[in-house]
Number of protein chains: 2
Amino acid sequence: MDTDLPQTYASGCPSRTVVDVLANKWVLYVLSVLNSSARPLRFTELRRHIEGVTQKSLTQALRNLERDGLISRTVYPTIPPRVEYARTDLGADIGRLTAEIADWSRSNARRILAARATYDAPESA
Amino acid sequence: MDTDLPQTYASGCPSRTVVDVLANKWVLYVLSVLNSSARPLRFTELRRHIEGVTQKSLTQALRNLERDGLISRTVYPTIPPRVEYARTDLGADIGRLTAEIADWSRSNARRILAARATYDAPESA
DNA sequence: CTGAATCCCTTTTGATACTG
DNA sequence: CAGTATCAAAAGGGATTCAG
């Protein structure tokens with residue numbers, strides 16, 4: 001692409017606030033899970049698919065994504081309450097990318113953990 | 001892909017530790033900048049291309065990436081010292097993805113900020 | 001120039017309890 | 001079920017100082 005002109009990320013650029021939202025592991029997982037789901041998912045379903053996330057962190061991730069128009073939140077006023085989350089058209093685009101990152105992490109975890117072990121090893125030498 | 005089987009991210013999965021490293025805005029920017037650069041970059045050059053990052057945060061991001069084998073760090077024992085960072089083959093793969101995320105964020109910042117404004121607006125009503 | 005080390009404050013996170 | 005509220009613990013970030 002460039003021959004010698006790396007990209008510069010300006011601090012005032014609005015897109016930085018978007019990256020700020022995306023640069024969060026729970027947000028990445030939510031987008032990735034919804035990306036691989038053919039139907040909307042309920043809060044508890046999402047939580048089951050993202051092991052280790054607390055209710056609080058998941059709620060916050062969902063709020064941020066809803067605020068940015070990347071996912072939709074639908075409340076069914078039943079008892080007990082039923083809330084469904086789905087990706088929007090906008091969220092589907094970025095969801096594909098985050099899913100690719102999650103896939104890549106799975107595919108290359110072995111190599112990365114090996115590099116990590118090598119890096120950490122000399123400390124005990 | 002799936003008809004009704006969303007992906008599950010298990011808490012014990014090693015790939016989770018990889019995502020933990022990637023889910024950081026400075027890490028995303030470093031990978032993206034190196035992805036768009038044809039040559040290795042020095043510490044100060046990187047810092048110039050990622051406005052707002054402090055020395056401490058940049059150093060930490062670079063260490064994490066080096067540890068995971070995603071970037072290489074080369075020290076030239078000159079005076080003053082010269083240190084160059086470059087993407088590894090492994091880092092190039094993920095760098096393309098992070099660059100896509102940064103690009104997407106720029107391209108869609110307008111729409112996202114609009115959604116954000118709409119979401120925040122009712123609070124003053 | 002490229003950091004490491006420190007202090008200090010803010011933010012995030014986890015755990016727990018409670019509500020419609 | 002799907003949250004909110006709260007408190008304590010942990011992590012993150014900025015500013016500064018020092019060093020090879």
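Here is the naming used below: chain letters follow the sequence lines, and residue numbers restart at 1 for every chain.
For Lys25(B) and dG12(D), the NZ to P distance is 13 Å, given to the nearest whole Å. Lys56(A) places its NZ atom 15 Å from the P atom of dA10(D), with the value rounded to the nearest Å. Atom pair Ile79(B):CD1 and dG3(C):P shows a separation of 16 Å (rounding to whole Å applied). Residue Arg48(A) contributes atom CZ, which lies 11 Å from atom C1' of dC1(D) at whole-angstrom precision. One interatomic measurement links the two molecules: CZ of Arg47(A) to C1' of dA15(C), which rounds to 11 Å at whole-angstrom precision. Atom CD of Glu84(A) is separated from atom P of dA2(D) by 9 Å (rounded to the nearest Å). For the pair Ile50(B) CD1 and dG14(D) P, the computed distance is 13 Å after rounding to whole Å.
When atom types are taken as modelled, the side chain of Thr88(B) and the backbone of Gly69(B) share a donor-acceptor pair closer than 3.5 angstrom. Counting only distance, with no hydrogens or angles, the side chain of Arg16(A) and the backbone of Glu51(B) share a donor-acceptor pair below 3.5 Å. The backbone N or O of Trp104(A) lies less than 3.5 Å from a partner atom in the side chain of Asn108(A), making a donor-acceptor pair. Using a distance-only test at 3.5 Å, with no hydrogens or angles considered, a donor-acceptor pair links the side chain of Arg87(A) to the main chain of Ser37(A). Listed for the Ser105(B) side chain is no donor-acceptor partner under 3.5 Å among the backbone atoms of Ser15(A).
If you check residues 57-78 of chain A against DNA chain C, the residues with a heavy atom closer than 4.0 Å are Ser57(A), listed by number. Contacts between residues 12-22 of chain A and DNA chain C, defined by a heavy-atom separation below 4.0 Å, involve no residue at all.
Between Pro80(A) and Val53(A), the residue anchored nearer the 5' end of DNA chain C, judged by the nucleotide with its closest heavy atom, is Val53(A).
In this structure, the nucleotide among dA15(D), dT6(D), dA2(D) sitting nearest to the side chain of Pro81(A) is dA2(D). Listed nucleotides dT13(C), dA4(C), dA2(D) differ in distance to Phe43(A); the shortest reach to its side chain belongs to dA2(D). The Trp26(B) side chain lies nearest to dG13(D) when the options are dG13(D), dA2(D), dG3(C).
Residues Thr98(A) and Ser32(A) have side chains that bring a donor and an acceptor to within less than 3.5 angstrom of each other.
Atom CZ of Arg82(A) sits about 14.5 Å away from atom CZ of Phe43(A), to the nearest 0.5 Å.
Donor-acceptor pairing under 3.5 Å, judged by distance alone, is absent between the side chain of Gln55(B) and the base of dA15(D).
Listed pair Arg42(A) / dA2(D) meets the phosphate criterion, a side-chain N or O lying under 4.0 Å from OP1 or OP2. Between Thr54(B) and dG13(D) there is no side-chain N or O to OP1 or OP2 distance below 4.0 Å.
The number of heavy-atom neighbours closer than 6.0 Å to CZ of Arg63(A), taken from other residues, nucleotides and ligands shown, is above 12.
Ion pair Glu45(A)/Arg47(A) not flagged as a salt bridge, since none of the NZ, NE, NH1 or NH2 atoms sits closer than 4.0 Å to an Asp/Glu carboxylate oxygen.
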